[in-house]
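For ligands, and for the atoms within them, numbers begin at 1 and follow the listed sequence. Numbering starts at 1 and runs along the sequence shown.
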Amino acid sequence: MNDIKDVLGLQTNTDAEELVRQKKCIEAAKSIVDEKAGDMGRKLTYHVTTFGCQMNARDSEKLKGVLESAGFIYEDDELSADFVIYNTCTVRDNANQKLYGHLGSLGAVKKSRPDMIIALCGCLTQEKSAYEKIMRSYPFVDLVFGTHNLFDFPRLLVSVLTREVTKGKGHIVSEIWEGTDRIVEDIPVKRNYPFKSGVNIMFGCNNFCSYCIVPYVRGRERSRGSDDIIKEIEALAADGVVEVMLLGQNVNSYGKGLEGEISFPELLKRVEDIDGIKRIRFMTSHPKDLSDELIDVMASSDKICRHIHLPLQSGSTRILKAMNRHYTKEGYIDLAQKIRDRIPGIAVTTDIITGFPGETEEDVNDTIDVIEAVRFDGAFTFIYSKRTGTPAASMPDQVSEEKVKIFFDRVLAKVQEVSTRQAALIEGQTMDVLVEDMNRQDQMLVTGRLSNNLNVHFPGDASLIGKIVPVKLTECKGFYYLGDMI
Ligand code: 5AD
Ligand code: SF4
């Protein structure tokens with residue numbers, strides 16, 4: 001046990017030293033887990049439940065990597081696992097409510113299985129009021145940590161596994177940091193798909209859109225060094241990955257603040273040069289920072305997918321100003337047109353919020369205008385959710401539920417009309433599909449994705465998964481295609 005105390009207490013100065021310490025913690029966790037497994041006569045199991053965005057999905061792969069390196073094996077049913085971790089989201093209130101629902105069910109299970117360990121991490125834990133609610137109302141939670149110390153999960157895991165030694169049994173192990181400048185590379189990762197992977201290129205956000213809680217829970221923007229990113233993608237390619245999704249809240253400002261660093265389009269060119277990588281995606285682009293250089297690089301690339309996700313949020317210049325978005329209705333339409341002109345066949349998708357404070361019918365008309373002018377290939381539509389601590393939460397004229405519903409239904413109907421029309425444009429063509437999975441409903445079919453991000457279902461078997469194959473798009477079903485492999 002002295003060894004474990006040493007590992008927990010160690011101080012480190014550099015990110016590289018920190019990685020060594022975390023690896024020692026994984027070894028320490030493994031010896032505890034192996035001993036418990038020996039006593040129980042079976043392996044210990046884990047389940048990771050992920051809420052929210054692609055960033056969280058990627059973070060969960062890191063949690064899984066650590067847990068598997070520490071000797072846990074995956075359990076599909078979250079209510080049966082020995083170690084359950086929720087990677088939470090708080091971008092809208094319904095994400096919080098979903099978590100509380102899950103915790104309620106798990107609390108009941110824990111009464112009969114007190115040895116079960118329940119952990120929470122991710123964005124919700126960084127929000128003060130939600131954190132306080134967890135501490136107050138869910139005392140059966142064993143471990144809570146935030147977005148800034150995810151790299152510290154191995155050490156926290158040892159802490160929670162050895163609570164008798166470190167903190168006293170029954171006590172919640174909890175560490176939330178306000179921020180960090182640490183970027184610890186090479187924490188183990190267990191990928192959800194062998195053939196595709198997310199890759200963080202930056203963390204945090206500096207934009208402070210007035211409705212958004214992300215800058216408060218994910219902290220200031222920090223870019224990873226390009227050499228580290230390239231090294232990671234080369235290793236992924238060597239391990240069979242053919243598609244990477246470069247992840248950041250605002251990828252177009254990649255590299256800012258890093259000395260001697262390169263721009264996002266330059267990073268894309270370097271990724272393009274990596275053998276074995278066949279498709280490159282990225283998420284998310286802020287319209288205000290999207291450069292002509294990026295459009296040029298996309299236009300001349302063989303590997304960058306024909307898809308850009310470009311959150312609009314609102315089509316009203318007045319509302320955009322109140323949202324602190326730094327572009328206008330006309331500016332957005334011109335940008336989307338420029339992208340479509342330069343990159344034929346590209347799909348443009350977006351996020352739209354209805355019900356932002358002060359929104360009127362005229363503002364919604366502007367949003368509808370933009371949807372028609374841009375011809376979005378897809379859109380996520382959200383009802384504005386008031387997030388405590390953001391500027392919009394204290395703005396006057398919060399829109400009534402009744403009105404929001406009318407606005408939301410109008411926007412959704414228009415988006416569906418336009419995107420169905422867009423999807424049908426490629427019917428009859430033959431296009432490359434990256435096969436991702438067996439079809440959930442029909443085991444005679446496989447499911448894959450076009451470069452433009454549309455799903456295609458076609459007859460095939462599991463041997464196709466991870467391959468890129470030509471498929472004739474025979475029947476458009478609105479948001480997806482049925483096809484036949486050529
Ligand atoms: N209410 C509703 N939607 C929001 N989003 C971010 N914050 C809020 C909020 N408070 C949406 C934005 C963003 C997406 C990830 O979530 O559309 O692009
Ligand atoms: Fe939130 Fe705006 Fe940052 Fe996106 S760009 S994470 S919407 S603050």
Exercise. Is the number of heavy atoms from other residues, nucleotides or ligands under 6.0 Å of Lys278 NZ greater than 12?
Worked result: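 No.
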Problem set entry | Result of checking Asn200, Asp59, Val199, Thr284 against Leu247 for side chain to side chain contact (heavy atoms under 4.5 Å, CB included) |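 So, applying the side chain to side chain contact (heavy atoms under 4.5 Å, CB included) to Leu247 and each of Asn200, Asp59, Val199, Thr284, only Asn200 qualifies.
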Exercise. Just how far is it from atom CG of Asp239 to atom OG of Ser197, taken to the nearest 0.5 Å?
Worked result: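 OG of Ser197 is found 9.5 Å from CG of Asp239.
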For this session: Spell out, as yes or no, whether a donor-acceptor pair under 3.5 Å connects the side chain of Asn56 to the backbone of Thr50.
Result: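 No, because the side chain of Asn56 does not come within donor-acceptor range (under 3.5 Å) of the backbone of Thr50.
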Are the charged groups of [X] and [Y] less than 4.0 angstrom apart, N to O?
X: Arg21; Y: Glu18; value: yes
X: Glu221; Y: Lys256; value: no
X: Lys386; Y: Asp93; value: no

Exercise. Angle class for the Phe145/Phe153 ring planes (parallel below 30°, perpendicular above 60°, tilted otherwise)?
Worked result: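 Ring orientation, 0 to 90° scale: parallel.
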For this session: Enumerate the protein residues lying less than 4.0 Å from ligand 1, judged by heavy-atom distances, in chain and residue-number order.
Result: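 Near ligand 1, by chain and number: Val91, Arg92, Tyr211, Gln313, Asp351, Ile353, Phe382, Ile383, Tyr384, Ser385, Arg387.
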For this session: Would you sort out whether Gln337 and Arg375 count as a side chain to side chain contact (heavy atoms under 4.5 Å, CB included), showing the intermediate values?
Result: CA-CA 10 Å; Gln337 191 56 49; Arg375 294 166 278 123; 3.7 Å; yes
For this session: Please list, by chain and number, the protein residues whose heavy atoms come under 4.0 Å of ligand 2.
Result: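 Close residues (ligand 2, cut-off 4.0 Å): Cys205, Asn207, Phe208, Cys209, Tyr211, Cys212, Val214, Pro215, Gln249, His286, Arg325.
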